[in-house]
Chemist: 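Next up is a structure, given as structure tokens.
As the structure is a computational prediction, the values presented were derived from the model and not from experiment. Ligands are counted one by one from 1 in listed order, and the atoms in each one are counted from 1 as well.
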Amino acid sequence: MSLTLRYMQLPDIKQVAAIDHSSFQPPWSPDSYAFEIKESSVSHMVVLDRQTNPPPPTKARQNGWLSNLGDKLRGNAQVRNGRGAIVGYGGLWKIEGEAHISTIATHPRQRGNGFGEILLAGMVGKALRLNAEFIVLEVRVSNAIAQSLYQKYGFRRYGRRRNYYRSDNEDAWDMRITMDRETRRRFSRLYQELQDKHVFRDIYSWQARPRR
Ligand SMILES: CC(C)(COP(=O)(O)OP(=O)(O)OC[C@H]1O[C@@H](n2cnc3c(N)ncnc32)[C@H](O)[C@@H]1OP(=O)(O)O)[C@@H](O)C(=O)NCCC(=O)NCCS
């Protein structure tokens, strides 16, 4: 099995929308995803792609720095030529000093496997690379699982939005982290632990937003 964090692309929308439908009420429309991918210059959509038959190791893989280059090229080739199953997705907007996590979900049958954390770590890493000063998000007050994930990365509640969710008038917590030295240190430790545990390839955090 191989896991790759990469930018969301148009052909991913069908799988992403299926996860969205089983995770949120109301879900985003498929057009919203197309807009985020193609039109919005502030949007950085991510997917976690799982391939069950990863490409066999090549000679380059066994050779020092060539291995990294080989992995990156292989990652890009996978993106172009073959996709695995999308096990989760997320969205990050970056506007001036603020990064905003717009969405995050994992496939209902794949929860509890660490995939949500990989997605969140990818977006926190992206925000750091884009020099965000802080990250904000909204979460249902009843959503203890998501809040626990965010708190693990240092997000704290800083305000309650009354009746924020129109479908049922539930309140939201505004949560945020400032990208200070402590946040960076915590992030580096957690990201390393995640890499050790899951061995995923991250071609999202460091890659520039693909041109459309
Ligand atoms: C929130 C969500 C993305 C988490 O994804 P996941 O793949 O299940 O989470 P992970 O397996 O990576 O777990 C990461 C952390 O989440 C928290 N978590 C996960 N499952 C949990 C559970 N059953 N109970 C409590 N906390 C839990 C823990 O903090 C966990 O860290 P730990 O492993 O160190 O304890 C997923 O539950 C989901 O898609 N939910 C529906 C959509 C949603 O609510 N999105 C958030 C919108 S704000």
Chemist: Which atom names give the shortest non-hydrogen contact between Met45 and Gly91, and what distance separates them?
Modeler: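 Closest pair (atom of Met45, atom of Gly91, distance): SD-CA, 3.6 Å.
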Chemist: Which residue and atom name correspond to the protein heavy atom nearest atom 44 (O) of ligand 1, and how close is it?
Modeler: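 Checking every protein heavy atom, the shortest distance to atom 44 (O) of ligand 1 gives Asn143 ND2, 2.7 Å.
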Chemist: Can an N or O of Ile118 be found at a distance shorter than 3.5 Å from an N or O of ligand 1?
Modeler: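 No - when backbone and side-chain N and O of Ile118 are compared with those of ligand 1, no distance drops under 3.5 Å.
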Chemist: For atom 14 (C) of ligand 1, which of the options Leu190, Leu149, Leu194 provides the nearest non-hydrogen atom?
Modeler: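 When every heavy atom of Leu190, Leu149, Leu194 is considered, Leu149 comes closest to atom 14 (C) of ligand 1.
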Chemist: Side chain to side chain donor-acceptor pair (under 3.5 Å) for Arg6 and Gln207? Distances and angles first, verdict last.
Modeler: CA-CA 9 Å; Arg6 60 170 174 78; Gln207 187 189 38; over 6 Å; no
Chemist: Using the rule given for ring-ring contact (aromatic ring centres under 6.0 Å, His included), can you reason through Phe155 versus Phe134, listing the C-alpha separation, both sets of side-chain angles and the distance that settles it, and then say yes or no?
Modeler: CA-CA 10 Å; Phe155 283 85; Phe134 56 94; over 10 Å; no
Chemist: Checking Glu170 side chain against Ser142 main chain: does a donor-acceptor pair fall under 3.5 Å?
Modeler: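 Yes.
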Chemist: Return yes or no for this condition: an N or O of Ala105 is under 3.5 Å from an N or O of ligand 1.
Modeler: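 The answer is no, given that Ala105 and ligand 1 share no N or O pair closer than 3.5 Å.
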Chemist: In this structure, does ligand 1 have an atom that sits under 4.0 Å from one of the heavy atoms of Arg140?
Modeler: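 False for this residue.
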Chemist: What are the atoms of ligand 1, with element, lying closer than 4.0 Å to any heavy atom of Glu138?
Modeler: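 Selected atoms, number and element: 48 (S).
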Chemist: Short N/O distance, under 3.5 Å, between Phe24 and ligand 1?
Modeler: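 No: no nitrogen or oxygen of Phe24 is under 3.5 Å from one in ligand 1.
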Chemist: Closest non-hydrogen protein atom to atom 26 (N) of ligand 1, residue and atom name please, with distance?
Modeler: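 The protein heavy atom lying closest is Ser148 OG, 3.8 Å.
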Chemist: Decide whether an N or O pair under 3.5 Å exists between Gly114 and ligand 1.
Modeler: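 It does: an N or O of Gly114 is found under 3.5 Å from an N or O of ligand 1.
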Chemist: Asp171 and salt bridge (charged side-chain N to carboxylate O under 4.0 Å, His left out): which single residue from Arg140, Arg161, Arg160 fits?
Modeler: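 Option passing the salt bridge (charged side-chain N to carboxylate O under 4.0 Å, His left out) with Asp171: Arg160.
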Chemist: Among all protein heavy atoms in this structure, tell me which lies nearest to atom 8 (O) of ligand 1, with the distance rounded to 0.1 Å.
Modeler: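 Its nearest protein heavy-atom neighbour is Gly112 N, 2.9 Å.
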Chemist: Which residue and non-hydrogen atom of the protein lie closest to atom 24 (N) of ligand 1, and at what distance in Å?
Modeler: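 Protein heavy atom at minimum distance: Ile145 CG1, 3.7 Å.
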Chemist: Is the shortest N/O to N/O distance between Gln110 and ligand 1 below 3.5 Å?
Modeler: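 N/O-N/O distance below 3.5 Å does not exist for this pair.
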Chemist: Please report whether atom 47 (C) of ligand 1 has a protein non-hydrogen atom at a separation of less than 4.0 Å.
Modeler: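 Yes, there is a protein heavy atom closer to it than 4.0 Å.
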Chemist: For atom 32 (P) of ligand 1, what is the closest protein heavy atom, and at what distance to 0.1 Å?
Modeler: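 The answer is Lys152 NZ, 3.6 Å.
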Chemist: Do the side chains of Glu193 and Lys197 get close enough for a salt bridge, i.e. N-O under 4.0 angstrom?
Modeler: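 Salt bridge absent between Glu193 and Lys197.
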Chemist: Do side-chain atoms of Gln15 reach the backbone of Ile86 as a donor and acceptor pair under 3.5 angstrom?
Modeler: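 Checked: pair present.
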Chemist: So, are Asp174 and Arg156 salt-bridged, with charged N and O less than 4.0 Å apart?
Modeler: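 Looking at Arg156 together with Asp174, the answer is no, because their closest N to O distance does not fall below 4.0 Å.
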Chemist: Does Asp49 come within less than 4.0 Å of Arg201, counting only side-chain N to carboxylate O?
Modeler: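 No, Asp49 and Arg201 are not salt-bridged.
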Chemist: What pair of heavy atoms forms the shortest contact from Ile19 to Ala105, and how long is it?
Modeler: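 For Ile19 versus Ala105, the nearest heavy atoms are CG2-CB, 4.1 Å.
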Chemist: Looking only at protein heavy atoms, which one is nearest to atom 12 (O) of ligand 1, and what is the separation?
Modeler: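 Checking every protein heavy atom, the shortest distance to atom 12 (O) of ligand 1 gives Glu117 N, 2.8 Å.
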Chemist: Do Tyr191 and Ile118 belong together in a cluster built from hydrophobic side chains that touch within less than 4.5 Å?
Modeler: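 The answer is yes; both residues are in one hydrophobic cluster.
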Chemist: So, for atom 40 (N) of ligand 1, does the protein have a heavy atom nearer than 4.0 Å?
Modeler: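 Within 4.0 Å of atom 40 (N) of ligand 1, protein heavy atoms are found.
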Chemist: For atom 38 (C) of ligand 1, what is the nearest protein heavy atom, given as residue, atom name and distance?
Modeler: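 Looking only at protein heavy atoms, the one closest to atom 38 (C) of ligand 1 is Arg111 NE, 3.3 Å.
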Chemist: What are the atoms of ligand 1, with element, lying closer than 4.0 Å to any heavy atom of Phe115?
Modeler: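 Taking each heavy atom of Phe115 in turn, ligand 1 has 7 (O), 12 (O) under 4.0 Å.
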Chemist: Would you say ligand 1 has an N or O under 3.5 Å from any N or O of Ser23?
Modeler: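 Checking ligand 1 against Ser23, no N or O pair falls under 3.5 Å apart.
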Chemist: So which atom in Ile101 and which in Met123 form the shortest heavy-atom distance, rounded to 0.1 Å?
Modeler: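 Looking at all heavy atoms of both residues, the shortest contact is CG2-CE, 4.1 Å.
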Chemist: Would you indicate which of Thr106, Leu119, Val87 comes nearest to atom 2 (C) of ligand 1 when only heavy atoms are counted?
Modeler: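 The option holding the nearest heavy atom is Thr106.
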Chemist: Would you say Tyr150 and ligand 1 have an N/O pair spaced under 3.5 Å apart?
Modeler: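 N/O-N/O distance below 3.5 Å does not exist for this pair.
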Chemist: Under 3.5 Å between any N/O of Asn113 and any N/O of ligand 1: does that happen in this structure?
Modeler: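 Yes, since at least one N or O of Asn113 sits under 3.5 Å from an N or O of ligand 1.
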Chemist: Output yes when a side-chain donor or acceptor of Gln195 lies under 3.5 Å from a complementary backbone atom of Phe200, and no otherwise.
Modeler: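 Such a contact is found between Gln195 side chain and Phe200 backbone.
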Chemist: For atom 29 (O) of ligand 1, is some protein heavy-atom partner under 4.0 Å away?
Modeler: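 So atom 29 (O) of ligand 1 has protein heavy-atom neighbours under 4.0 Å.
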Chemist: Side chain, backbone, both or neither: which applies to Gln151 and ligand 1 if a contact is any heavy-atom pair less than 4.0 Å apart?
Modeler: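 Neither part.
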Chemist: Checking Thr106 side chain against Arg111 main chain: does a donor-acceptor pair fall under 3.5 Å?
Modeler: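 No, because the side chain of Thr106 does not come within donor-acceptor range (under 3.5 Å) of the backbone of Arg111.
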Chemist: Which protein non-hydrogen atom lies closest to atom 45 (N) of ligand 1, naming both residue and atom, and how far is it?
Modeler: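 Checked against all protein heavy atoms, atom 45 (N) of ligand 1 sits closest to Ile104 O, 2.8 Å.
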Chemist: Looking at Ser205 and Gly125, would you say the former's side chain and the latter's main chain have a donor-acceptor pair under 3.5 Å?
Modeler: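 Such a contact is absent between Ser205 side chain and Gly125 backbone.
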